[in-house]
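Below, read A as the first sequence line, B as the second, and so on, with proteins coming before strands; counting in each chain starts at 1.
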Amino acid sequence: MIKGDFSRKKLTREFYTGELIQVAKSLLGKILVKQDEDRLFAGRIVEVEAYDGAVDEAAHTFIGRTPRNEIMFGTGGFLYVYFTYGMYFCCNVVTGLEGEGKAVLLRAVEPLTGIKSMAENRLKRTPVDPASLTKKEFRNLTSGPGKLCQAFDIKREHNGTDLLGNRIYITEGENVKAGDIVTSKRIGITKSVDLPWRFYIRNNPFVSK
DNA sequence: ATTCCGATTGCCT
DNA sequence: GGCAATCGGAATG
């Protein structure tokens, strides 16, 4: 359905510079695309979390500007990629304006294109026959922030990527009905734990946990 | 220089 | 459900 479909419109700078929570919810159902030299990856965004350095102790920007969070303090529409737990990467969509320090963590996507490559990246062996994956293995390709970055091969070098460029970008997708968006507390954090800033598509099998 | 610990995952009981 | 893996960023000495 999406494979080979380049007709969908890219999200604009105006979209990304909008209000954090609005952007976070609106990202659900959109298509994350990564075009490598030899491979194309695409997945439908099904789970996100919002982070806001102005009020949110869990945000990397809460402590003020550092070399690490420089991209997150920039203007909306750039990718903030960070390394965590000594072995994983997580990627965020920066939102708002220069200096605000707001971003949306991409927590899970539903694989659409490049599934064979995603499986090879996740299982760390090659070749992999996608048809041989069990339902559980298939779900496990992109059902978490570290998993989706490994599947898409998103790493340190992609920090700061302009989402209006041609390497990594997000396009329009299928509309998600408001009633299908679930709001909850965020996962895996120890500060500002009560902010209801996790959003996901109801009953989607790729949503983490 | 040293210490602490994390926006995670996978394996073990 | 518990916990180890693994390392870089930030704080502290």
Side-chain angles (χ1 to χ4, degrees), chain A residues 16 20-21 23-25 27-28 32 43 45-74 76 78-96 100-111 118-125 128 133-161 163 168 170 181-201 204-209:
Chain A
Y16 294 115
L20 174 66
I21 301 304
V23 173
K25 291 182 182 176
L27 280 171
L28 294 174
L32 174 68
I45 298 169
V46 300
E47 179 186 357
V48 300
E49 282 177 357
Y51 288 86
D52 178 355
V55 296
D56 168 15
E57 292 185 90
H60 291 170
T61 44
F62 186 76
I63 58 174
R65 287 188 186 256
T66 69
R68 182 202 201 194
N69 63 31
E70 162 192 342
I71 299 299
M72 186 169 162
F73 268 114
F78 290 79
L79 200 65
Y80 167 51
V81 180
Y82 68 89
F83 184 61
T84 192
Y85 289 102
M87 57 192 110
Y88 298 110
F89 293 96
C90 293
C91 70
N92 301 249
V93 173
V94 177
T95 74
E100 293 187 343
K102 305 182 185 190
V104 177
L105 171 69
L106 302 184
R107 283 196 61 90
V109 306
E110 178 178 330
M118 291 182 196
E120 290 172 351
N121 290 340
R122 285 283 292 136
L123 304 177
K124 289 177 177 161
R125 60 183 171 82
V128 173
L133 295 176
T134 65
K135 193 169 186 176
K136 181 180 176 183
E137 288 172 323
F138 188 61
R139 180 192 119 79
N140 204 31
L141 293 180
T142 54
S143 57
K147 298 177 191 179
L148 78 89
C149 281
Q150 190 172 36
F152 277 63
D153 196 26
I154 292 172
K155 35 191 196 283
R156 209 178 313 274
E157 67 197 78
H158 300 105
N159 187 36
T161 301
L163 296 174
I168 302 176
I170 300 173
I181 297 179
V182 181
T183 300
S184 79
K185 294 179 182 178
R186 296 173 298 179
I187 291 178
I189 53 173
T190 56
K191 305 171 204 162
S192 298
V193 294
D194 288 332
L195 292 173
W197 285 357
R198 173 173 177 243
F199 308 99
Y200 59 93
I201 298 178
N204 185 283
F206 291 89
V207 170
S208 68
K209 193 173 165 193

Is there side-chain contact between [X] and [Y], with heavy atoms separated by less than 4.5 Å?
X        : Y        : answer
A:Leu141 : A:Leu133 : yes
A:Phe199 : A:Ile21  : yes
A:Tyr200 : A:Ser184 : yes

Next on the checklist: Taking only the P atom of each, what is the distance from C:dT6 to B:dT2 in whole angstrom?
Outcome noted: 22 Å

Checklist entry - Nucleotide by nucleotide, 5' to 3', does protein get under 4.0 Å of the base (B), only the sugar-phosphate (S), or neither (-) in nucleotides 2-11 of chain B, counting heavy atoms? => result ----BBBSS-

Checklist entry - For the atom pair CD (A:Glu110) and OG (A:Ser143), what is the distance rounded to the nearest 0.5 Å? => result 11.5 Å

Next on the checklist: Nearest 0.5 Å, please: how far is CD in A:Glu49 from CD1 in A:Ile189?
Outcome noted: 6.5 Å

Checklist entry - Which stems does DNA chain B form, counting runs of 3 or more consecutive Watson-Crick or G-U wobble pairs with both distances under 3.5 Å? => result B:1-6 with C:7-12, B:8-12 with C:1-5

Checklist entry - Who pairs with A:Tyr82 by ring-ring contact (aromatic ring centres under 6.0 Å, His included), at least two apart in sequence or on another chain? => result A:His60, A:Tyr80

Checklist entry - What integer distance in Å separates A:Asn69:CG from C:dG8:P? => result 18 Å

Checklist entry - Please give, in whole Å, the distance from C:dT6 P to A:Arg156 CZ? => result 16 Å

Item to check | Aromatic contact, A:Phe206 with A:Phe138 (centres under 6.0 Å) | outcome: yes

Checklist entry - Judged by atom type as modelled, is there a donor-acceptor pair below 3.5 Å linking the side chain of A:Ser192 to the main-chain atoms of A:Glu57? => result yes

